[in-house]
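One structure is given below, encoded as structure tokens.
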Amino acid sequence: MNIVDRILNKSLAGERIDVEECIALFQSDEIEKIGHTANQIMMKWHPEPVTTFVIGRNINYTNICDVYCKFCAFYRAPGSKEGYVLPDEVIFQKIQETLDVGGTEILMQGGTNPNLPFTYYTDLLREIKKRFVIQMHSFSPAEIMKMKDVSEGLSLEEVMRELRDAGLDSLPGGGAEILDDRTRRRISRLKGSWRDWMDVMQTGHKLGMHSTGTMVIGLGESLEERALHFERIRTAQDECVEQKLNTPGFLAFIPWTFQPDNTNMKGEKVSAEEYLKTLAISRIMLDNIPNFQSSWVTMGPEVGKLSLQYGCNDFGSTMMEENVVSAAGTTHKVNIELILQLIREAGKMPAQRNTKYEIIRTFQANDKVAKDFILQN
């Protein structure tokens, strides 16, 4: 029995693989075998042939950012004539449009804008919650650390408690990139350490908020760094259970690939095969996270469909609006009819969920959806 077979059999038996075994899987070219194991593990979590998706909208409320990540094509420096902060009324209109098409989730993210006071965020959240019933799955750890910086002395926990009480429901995993400081210092020196990212997530868990974990490959990271990334998220998830926190912690994990177009970083786009292998290994390594999302935004619908055989049980969001990845030249748009088609072609039943992965509606074979859920802005 070769080393890959031994590792895969170990994981199927419910035993954990370690960092060295994770690296061995990355070094292997037996992608289909690794994917088959990941799919079997997925089916232990989700035995029903159902693939979920959420109807949500990204609202990029500002593009002004003082972190200057080399891999980002979206941000504009403070003082730039191309910088913006969306008026509150525009944000409210976008949320209403989301609700009008059956949406349940707002992913509000922007740059780390040094010109916005902390009260901007809490006041905006309160006004949103006064007007709408919708899940605010918003603000990356980098944004929250910037809020702490401008809050005039509040601790991270105090900042996050105020955000939660104002209406922040859950935390997206943006900005994780690679959770190791060797790569972080090279690609985004001002963004903070991997520990900063994790501190925000663990503080949110302590306060009862769930979150998602993410990972970006193709940044020049080593295979060891990828494996350490998985281990650090897995350890943090273990601590949620050990501390008996009132949260599922990381409800989902989403790996995607670096998009080099229009950025200050050179690099080749990661192949579909490398993406699928990374996805499958993440499902195998992260044995305490229930849901894995396809990344059709960066990889395209067909690879997104294939990912449902490599450990994914979820097709992500309809992404009614997305400006950060599209600024890097990736413009895959998927409406709900195509989502239903792709999931069915993969042999699964599509189901709409909310941010907590609770199923709202399943779509039988003859169900039709007349409305296009993508707003082309």
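Everything numeric here is computed off the predicted structure, so don't read it as measured data. Keep in mind that the numbers below use all heavy atoms, side chains included, and drop hydrogens, waters and symmetry copies.
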#### Entry: Test: R186 and D181 ion pair at under 4.0 Å
no

### Point-to-point distance, once rounded to the nearest 0.5 Å, from CD1 of I187 to CG of L219
4.5 Å

## Note on the structure
Looking only at heavy atoms, the pair that brings L342 and E302 closest together is CD2-OE2, 3.9 Å

#### Entry: Shortest non-hydrogen contact from T112 toward A142
CG2-O, 3.6 Å

### Query
For T62, does its backbone N or O pair with a side-chain atom of N113 as donor and acceptor, under 3.5 Å?
no

### Task
Output, in order, the C-alpha distance, side-chain angles, deciding distance and verdict of side-chain contact (heavy atoms from CB on, under 4.5 Å) for S282 and M215.
CA-CA 10 Å; S282 67; M215 177 185 194; 6.0 Å; no

#### Entry: Minimum side-chain heavy-atom gap S295-P255 below 4.5 Å
no

#### Entry: Side chain proximity check, Y84 to N60, heavy atoms < 4.5 angstrom
yes

### Query
Can you get from I254 to W45 by hopping between Ile, Leu, Val, Met, Phe, Trp and Tyr side chains that sit under 4.5 Å apart?
yes

### Task
Could you pull out the closest heavy-atom pair between L86 and Y120, with the gap in Å?
O-OH, 4.3 Å

### Message
Does I360 have more than 12 heavy atoms from other residues, nucleotides or ligands lying within 6.0 Å of its CD1?
### Response
yes

### Message
Quick check: closest heavy atoms across A272 and V303, and the distance to 0.1 Å?
### Response
CB-CG2, 3.9 Å

#### Entry: Presence of salt bridge, D169 and R164, under 4.0 angstrom
no

### Nearest-0.5 Å distance that lies between atom OG1 in T203 and atom CG in L171
9.5 Å

### Donor-acceptor contact below 3.5 Å, side chain N9 vs main chain D5
yes

### Task
Say whether, by atom type as modelled, one donor and one acceptor occur between the side chain of K44 and the main chain of L12 under 3.5 angstrom.
yes

### Message
Surrounding NZ of K10 (heavy atoms of other residues, nucleotides or ligands, distance under 6.0 Å), is the total greater than 12?
### Response
yes

### Atom pair OH (Y275) and OG1 (T257), whose distance is rounded to the nearest 0.5 Å
8.5 Å

### Step-by-step side-chain contact (heavy atoms from CB on, under 4.5 Å) determination, F363 to M349
CA-CA 7 Å; F363 292 82; M349 177 186 292; 5.8 Å; no

### Message
Within a 6.0 Å radius of atom NZ on K356, are there more than 12 heavy atoms belonging to other residues, nucleotides or ligands?
### Response
no

### Message
For a 4.5 angstrom cut-off between non-hydrogen side-chain atoms, does E143 reach Q109?
### Response
yes

### Query
For atom CG of N246, is the number of surrounding heavy atoms from other residues, nucleotides or ligands below 6.0 Å larger than 12?
no

### Query
Do the side chain of S28 and the main chain of A24 share a donor and acceptor less than 3.5 angstrom apart?
no

### Query
So, are R226 and D180 salt-bridged, with charged N and O less than 4.0 Å apart?
no

### Basic-acidic side-chain contact under 4.0 Å: R6, E21
yes

### Cluster check V54, V50: I/L/V/M/F/W/Y, side chain < 4.5 angstrom
no

### Task
Specify whether F132 and F92 have parallel, tilted or perpendicular ring planes, treating 30° as the upper limit for parallel and 60° as the lower limit for perpendicular.
tilted

### Task
Using the salt bridge (charged side-chain N to carboxylate O under 4.0 Å, His left out) rule, take K305 and E345 through it: C-alpha gap first, then chi angles, then the decisive distance, then the call.
CA-CA 8 Å; K305 181 173 68 175; E345 288 175 356; 2.8 Å; yes

#### Entry: With N313, the side chain to side chain contact (heavy atoms under 4.5 Å, CB included) member among E48, Q293, R283
R283

## Note on the structure
In short, L251 meets P290 closest at the heavy-atom pair O-CG, 3.6 Å

### Query
Taking the six-membered ring for Trp, are F253 and F230 parallel (under 30°), tilted (30 to 60°) or perpendicular (over 60°)?
perpendicular

#### Entry: Check against side chain to side chain donor-acceptor pair (under 3.5 Å), E221 and T183
CA-CA 6 Å; E221 73 283 352; T183 289; 5.6 Å; no

### Query
Does R232 make a cation-pi contact with W194, if we ask for NZ or CZ under 6.0 Å from the ring centre and within 45° of the axis?
yes

### Message
I need the minimum non-hydrogen distance between P172 and F139, along with the two atoms involved.
### Response
CD-O, 3.5 Å

### Task
Kindly indicate, with the supporting measurements, whether the criterion salt bridge (charged side-chain N to carboxylate O under 4.0 Å, His left out) is fulfilled by R57 and E97.
CA-CA 9 Å; R57 183 173 197 163; E97 290 169 349; 2.8 Å; yes

### Task
Report yes or no: does S80 contribute a side-chain atom to a donor-acceptor pair with the main-chain N or O of R76 at less than 3.5 Å?
no

### Message
Applying a strict under-4.5 Å side-chain criterion to I, L, V, M, F, W and Y, I'd like to know whether I3 and L223 cluster together.
### Response
yes

### Query
Is the backbone N or O of T212 less than 3.5 Å from a side-chain atom of H137, with the two atoms forming a donor-acceptor pair by type?
no

### Query
Are any of the side-chain heavy atoms of L168 and S138 separated by less than 4.5 Å?
yes

### Message
Go through it in stages, so that I can follow the logic: the residues are N288 and R16, the test is side-chain contact (heavy atoms from CB on, under 4.5 Å), and I'd like the CA-CA distance, side-chain angles, deciding distance and then a yes or no.
### Response
CA-CA 10 Å; N288 52 6; R16 282 199 160 168; 3.3 Å; yes

### Task
Any chance you could measure D287, atom CG, to Q237, atom CD, to the nearest 0.5 Å?
10.0 Å

### Task
Answer whether the closest heavy-atom distance between the side chains of F118 and V159 falls below 4.5 Å.
yes

### Message
Are N115 and V150 packed together at the side-chain level, in the sense that at least one heavy-atom pair is separated by less than 4.5 angstrom?
### Response
no

### Query
With side chains defined as the heavy atoms from C-beta onward, is the minimum distance between R195 and L179 less than 4.5 Å?
no

#### Entry: salt_bridge(R234, D238) N-O dist < 4.0 Å
no

### Query
Mind checking whether E105 and I134 have side chains closer than 4.5 Å, heavy atoms only?
no

#### Entry: Pairwise distance OG1(T52) to OH(Y357) - rounded to 0.5 angstrom
6.5 Å

### Task
Keeping the roles fixed (side chain from T51, backbone from K348), state whether a donor-acceptor pair exists under 3.5 Å.
no

### E225 side chain to S222 backbone, donor-acceptor under 3.5 Å
yes

### Message
Distance alone, cut at 3.5 Å: any donor-acceptor contact between the side chains of Y310 and E32?
### Response
no

### Query
Between M147 and L163, is a side-chain contact (heavy atoms from CB on, under 4.5 Å) present by the stated rule, with each step listed?
CA-CA 10 Å; M147 295 178 207; L163 289 169; 3.7 Å; yes

### Message
Please check if the number of heavy atoms outside E152 that lie under 6.0 Å from its CD is greater than 12.
### Response
no

#### Entry: Candidate pair N354 and T104, rule side chain to side chain donor-acceptor pair (under 3.5 Å), full reasoning
CA-CA 6 Å; N354 61 21; T104 60; over 6 Å; no

### Query
CD1/I106 to OH/Y61 distance, rounded to the nearest 0.5 angstrom?
14.0 Å

### Message
Tell me whether K130 is salt-bridged to E127, with the criterion being a basic N under 4.0 Å from an acidic carboxylate O.
### Response
yes

### Message
For the backbone of F26 and the side chain of K277, can you confirm whether one donor and one acceptor N or O come within less than 3.5 Å of each other?
### Response
yes

### Query
Is there a donor-acceptor pair closer than 3.5 Å between any side-chain N or O of E231 and the backbone N or O of L228?
no

